[in-house]
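Indexing begins at 1, ligand by ligand and atom by atom, following the structure's order. Treat the numbers as computed from the prediction; the structure is a model and nothing was measured.
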Amino acid sequence: MSSPSRSGAFDSAVDKRVERFTESISFDARLFRHDIAGSIAHASMLADQGILTADERDQIESNLTDIQKEIEAGTFPIREELEDIHMNIEQALIDRIGDIGRKLHTGRSRNDQVSTDLRLWVRDAIDQIDELLANLQRAYLSRCDKDTGVIIPAYTHLQRAQPVLANHVWLAYVEKFARDRQRLADCRKRVNLCSLGTAALAGTTLNIDRQNSAKRLGFDGIVANSIDSSSDRDFVLETLFCLANIGIHLSTWAEEWIMWATVEYDFIKLPHEFCTGSSIMPQKINPDVLELTRGKSARLIGSLQTLLVLTKGLPLAYNRDLQEDKPPLFDAVDTVKACLELAAPLVAGADLKVDSINSRIEKGFLDATTLMEYLVKRGMPQRSAHHSIGELVRLATSKSVTLAELSLEDFQAVDADLDKSVYDVLGVKNAVKAFQSEGSTNPDRVHQQITIWKDRLN
Ligand code: ARG
């Protein structure tokens with residue numbers, strides 16, 4: 001039998017090759033739960049409006065529920081010639097209850113049906129990803145308990161810059177993922193609007209109640225304009241941006257830990273359950289999960305790019321191009337979830353190699369800026385202090401010593417009034433404590449932030 005969308009206007013059956021080219025069932029079958037929920041809400045609204053009888057609604061609902069169970073059990077025969085999940089389900093309903101099934105599509109088009117199903121699906125995806133992001137934030141916070149007091153070098157240009165608490169770095173990621181959650185929550189407001197009843201593009205002449213079906217599906221409201229609704233996929237686009245941004249944040253973390261796990265850094269031991277070996281080099285313990293997390297961010301950016309190009313220049317309203325929105329969306333959601341599911345236990349399970357970090361922490365003049373600000377506090381103009389400390393760094397380098405190992409006379413060459421208190425800001429421990437500003441790595445500030453985040457996340 002041919003598809004329910006082929007009306008009497010056609011004088012021939014569809015070419016098999018066209019059928020294969022135009023199908024979307026191979027990737028949209030996963031929308032079945034949302035499609036059935038949407039159809040039940042639509043039928044219930046039609047019954048409330050007197051367009052269907054209560055009995056018709058009940059038959060539609062119970063048969064759709066059966067179909068859902070069969071799809072879940074894997075016993076439902078999927079037919080490619082029916083193009084997509086929407087028509088597979090509708091045809092099965094018609095096969096079971098005949099004319100009553102043929103009434104389900106009253107006041108509806110696949111354009112608003114697909115858009116509604118997708119909005120429901122994206123809403124669920126956002127909620128699941130939000131929970132995974134919260135878990136990842138908790139994993140970073142759990143590190144804060146075991147890494148209290150550990151100081152690590154922070155870098156700019158990948159050159160040693162200033163000493164920071166490891167916990168300050170963990171909180172940096174907590175903040176990044178907090179913004180990712182905020183972005184998703186904001187995006188969800190625009191996702192969570194119902195397209196049902198906008199029909200093909202102009203609405204319908206039937207006396208439907210769009211607010212009714214929207215409420216039944218838990219939407220916050222309806223998409224106001226039917227032409228806008230029929231043509232729009234910007235809710236997918238912005239979801240993909242949010243996911244790409246999560247991917248970028250994950251890739252920064254992954255790259256950092258890949259480096260930290262090298263012999264050259266030797267900052268971290270990754271849990272071996274999250275590492276892989278080499279088929280030829282017996283000593284290798286490779287950070288493949290981190291590398292793939294870094295690599296998969298490319299797919300997320302690619303999906304966003306696909307949607308941008310797909311929707312650019314499309315005329316109003318619905319165009320079949322829009323069917324191509326689903327593979328990149330589904331792939332991006334699957335990819336982000338897979339990355340986040342592994343990221344949280346990996347973050348929680350790694351161990352900082354504190355002895356190794358400490359053995360080199362005084363290298364690289366991490367306390368130079370603190371020393372400069374010590375001079376500034378004593379009244380020296382910042383630019384002059386910057387220059388003078390540069391000279392001291394040069395001197396220390398030539399003597400192969402740290403700043404703390406220079407003599408008082410060396411310091412007095414810069415400022416004759418300097419006394420022994422200069423040593424109070426030298427060395428990474430003193431330097432970290434000397435920070436004061438809000439948001440800095442000062443231990444009290446960091447502790448306060450940990451408390452705030454523990455409160456928020458528990
Ligand atoms: N299979 C299509 C999709 O999932 C359905 C499009 C229906 N609209 C249409 N005017 N052909 O996007």
Side-chain angles (χ1 to χ4, degrees), residues 1-10 12-39 42 67 71 76-94 102 104-125 191 194-204 223 225-237 239-240 303 306-312 314-334:
M1 176 190 317
S2 85
S3 139
S5 73
R6 267 181 110 71
S7 74
F10 289 86
S12 66
V14 69
D15 187 307
K16 270 281 158 203
R17 291 166 300 184
V18 171
E19 205 168 86
R20 215 163 305 130
F21 185 70
T22 56
E23 64 83 24
S24 56
I25 186 66
S26 56
F27 51 83
D28 66 19
R30 64 198 290 176
L31 293 175
F32 73 94
R33 284 196 190 84
H34 304 90
D35 188 72
I36 287 172
S39 287
H42 180 65
I67 290 170
I71 299 176
F76 183 84
I78 293 281
R79 291 161 53 190
E80 187 184 270
E81 71 272 22
L82 293 175
E83 185 183 314
D84 57 28
I85 189 62
H86 320 286
M87 292 213 287
N88 265 272
I89 291 171
E90 188 185 343
Q91 187 59 52
L93 189 70
I94 292 169
R102 287 189 187 91
L104 171 62
H105 213 51
T106 305
R108 185 176 81 169
S109 137
R110 258 185 312 152
N111 297 348
D112 55 339
Q113 186 182 359
V114 171
S115 164
T116 301
D117 295 358
L118 203 56
R119 286 170 178 276
L120 290 171
W121 190 90
V122 171
R123 184 178 75 186
D124 279 355
V191 169
C194 191
S195 330
L196 264 185
T198 60
L201 82 159
T204 170
V223 182
N225 180 297
S226 61
I227 300 178
D228 174 37
S229 161
S230 170
S231 60
D232 173 60
R233 284 297 185 276
D234 63 23
F235 69 95
V236 176
L237 195 52
T239 301
L240 286 173
S303 291
T306 301
L307 248 284
L308 284 165
V309 179
L310 177 71
T311 50
K312 175 206 166 295
L314 282 183
L316 296 180
Y318 178 82
N319 296 278
R320 189 62 180 272
D321 315 44
L322 294 179
Q323 177 173 296
E324 290 289 316
D325 63 348
K326 282 162 215 72
L329 171 68
F330 293 158
D331 186 67
V333 168
D334 292 344

Protein contact to atom 11 (N) of ligand 1 [nearest heavy atom, distance to 0.1 Å]: Arg110 NH2, 3.7 Å
Check: Ser26/Glu23 side-chain N/O donor and acceptor closer than 3.5 Å: yes
Atom pair CD/CG of Glu90 and Asp84 - distance to nearest 0.5 Å: 9.5 Å
Shortest non-hydrogen contact from Phe330 toward Trp121: CD2-CH2, 3.4 Å
Minimum-distance protein heavy atom relative to atom 2 (C) of ligand 1: Gln323 OE1, 3.0 Å
Interfacing atoms of ligand 1 (cut-off 4.0 Å, heavy-atom, Glu83): 1 (N), 2 (C), 5 (C)
Arg33, His34, His86 screened by side chain to side chain donor-acceptor pair (under 3.5 Å) with Asp117, the one that passes: His86
Subset of ligand 1 atoms that lie under 4.0 Å from at least one heavy atom of Ser24: 1 (N), 4 (O)
Sub-4.0 Å atoms of ligand 1 with respect to non-hydrogen atoms of Asp84: 1 (N), 2 (C), 5 (C)
Which of the ligand 1 atoms, numbered from 1, are nearer than 4.0 Å to a heavy atom of Lys326: 4 (O), 12 (O)
For atom 6 (C) of ligand 1, closest protein heavy-atom neighbour: Tyr318 OH, 3.1 Å
Closest protein heavy atom to atom 8 (N) of ligand 1, given as residue, atom name and distance to 0.1 Å: Asn111 OD1, 2.8 Å
Option passing side chain to side chain contact (heavy atoms under 4.5 Å, CB included) with Arg233 (candidates Thr311, Asp321, Leu240): Thr311
Modelled atom types, side-chain donor and acceptor of Ser115 and Ser195, under 3.5 Å: yes
